[in-house]
Amino acid sequence: MIAKYDFPNHVKGDTTKNKQITFGIDFTGAKVELQFKSQINSKSSFSWSTIDNSILITDAINGKITLIPKVIDVAPSTYFYDCQVTLSDGTITTYFGGEMIIEQDITN
């Protein structure tokens, strides 16, 4: 079973805060992805990834990453996610997952 981490609630249309996570293993050449889905078997509603530079590996030796702030403008709901890492040797590991609630905004 993977570790559970729930992101704090977020208001629809607002920008996320800078978030740093340290894994404590060598991420040199790694690919890191977080996909958020409204239903577990649905398409991704929003994501962060090293592929599109929305995740930066800021300290490869210690596995430290930074999630770049972004506007999350999806329907209010509970979104499920997990964090999958592909190391340079091809090893794939899902480190943690959880939920994030997107709340309705009032201002347009």
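All of these numbers come straight from a predicted model, not from anything done at the bench.
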Checking H10 against E103 for the side chain to side chain contact (heavy atoms under 4.5 Å, CB included) test, could you report, in this order, the C-alpha distance in whole Å, the side-chain angles of both residues, the deciding distance, and whether it holds? CA-CA 6 Å; H10 185 78; E103 299 174 345; over 6 Å; no

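With sequence neighbours left out, K4 forms a side chain to side chain contact (heavy atoms under 4.5 Å, CB included) with D6, E99. With sequence neighbours excluded, the residues forming a salt bridge (Lys or Arg N to Asp or Glu O under 4.0 Å) with K12 are D73, listed by chain and number. Partners of N41 by side chain to side chain contact (heavy atoms under 4.5 Å, CB included), not counting sequence neighbours: none found. Judged as a side chain to side chain donor-acceptor pair (under 3.5 Å), and not counting sequence neighbours, the contacts of S54 are D52. The salt bridge (Lys or Arg N to Asp or Glu O under 4.0 Å) check on D59 picks up nothing, with sequence neighbours excluded.
Side-chain contact between I72 and D14: absent, with no pair of heavy atoms (C-beta onward) separated by less than 4.5 Å. Counting only heavy atoms from C-beta outward, the side chains of I21 and Y95 never approach each other to under 4.5 Å. Between I55 and L34, the closest side-chain pair of non-hydrogen atoms falls below 4.5 Å. With contacts defined as side-chain heavy-atom distances shorter than 4.5 Å, the pair N18/L67 does not qualify.
A pairwise comparison of heavy atoms in I2 and G97 identifies CD1-N, 3.6 Å as the closest pair. Heavy-atom minimum distance, A30 versus V85: CB-CG1, 4.3 Å. When all heavy atoms are compared, the tightest approach of F27 to I57 is O-CD1, 3.7 Å. Taking all atoms of both residues into account, the shortest heavy-atom contact from S44 to K37 is CA-CG, 3.9 Å. Closest of all the heavy-atom pairs between C83 and F23 is SG-CZ, 3.8 Å.
Annotation: side chain to side chain donor-acceptor pair (under 3.5 Å) contacts involving residues 80-93, sequence neighbours excluded, comprise D89-T91. Annotation: side chain to side chain donor-acceptor pair (under 3.5 Å) contacts involving residues 23-32, sequence neighbours excluded, comprise D26-T28. Identified under the ring pair (Phe, Tyr, Trp, His ring centres under 6.0 Å) test for residues 50-69, with sequence neighbours left out: none. Counting only residues at least two apart or on different chains, the ring pair (Phe, Tyr, Trp, His ring centres under 6.0 Å) pairs with a member in residues 37-69 are F36-F46, F36-W48, F46-Y79.
Under the 4.5 angstrom side-chain criterion for Ile, Leu, Val, Met, Phe, Trp and Tyr, I101 has no cluster partners at all. Other cluster members for I68: L56, joined by side-chain heavy-atom distances under 4.5 Å among Ile, Leu, Val, Met, Phe, Trp and Tyr. The other residues sharing a hydrophobic cluster with F80 are I40, where clustering joins ILVMFWY side chains under 4.5 Å apart.
With hydrogens and angles disregarded, no donor-acceptor distance shorter than 3.5 Å links the side chain of T15 to the backbone of K70. The main-chain N or O of I51 is found under 3.5 Å from a side-chain atom of S49 such that the two form a donor-acceptor pair.
Under a hydrophobic clustering in which Ile, Leu, Val, Met, Phe, Trp and Tyr are joined whenever their side-chain heavy atoms come within less than 4.5 Å, directly or via other members, M100 and V11 fall into different clusters.
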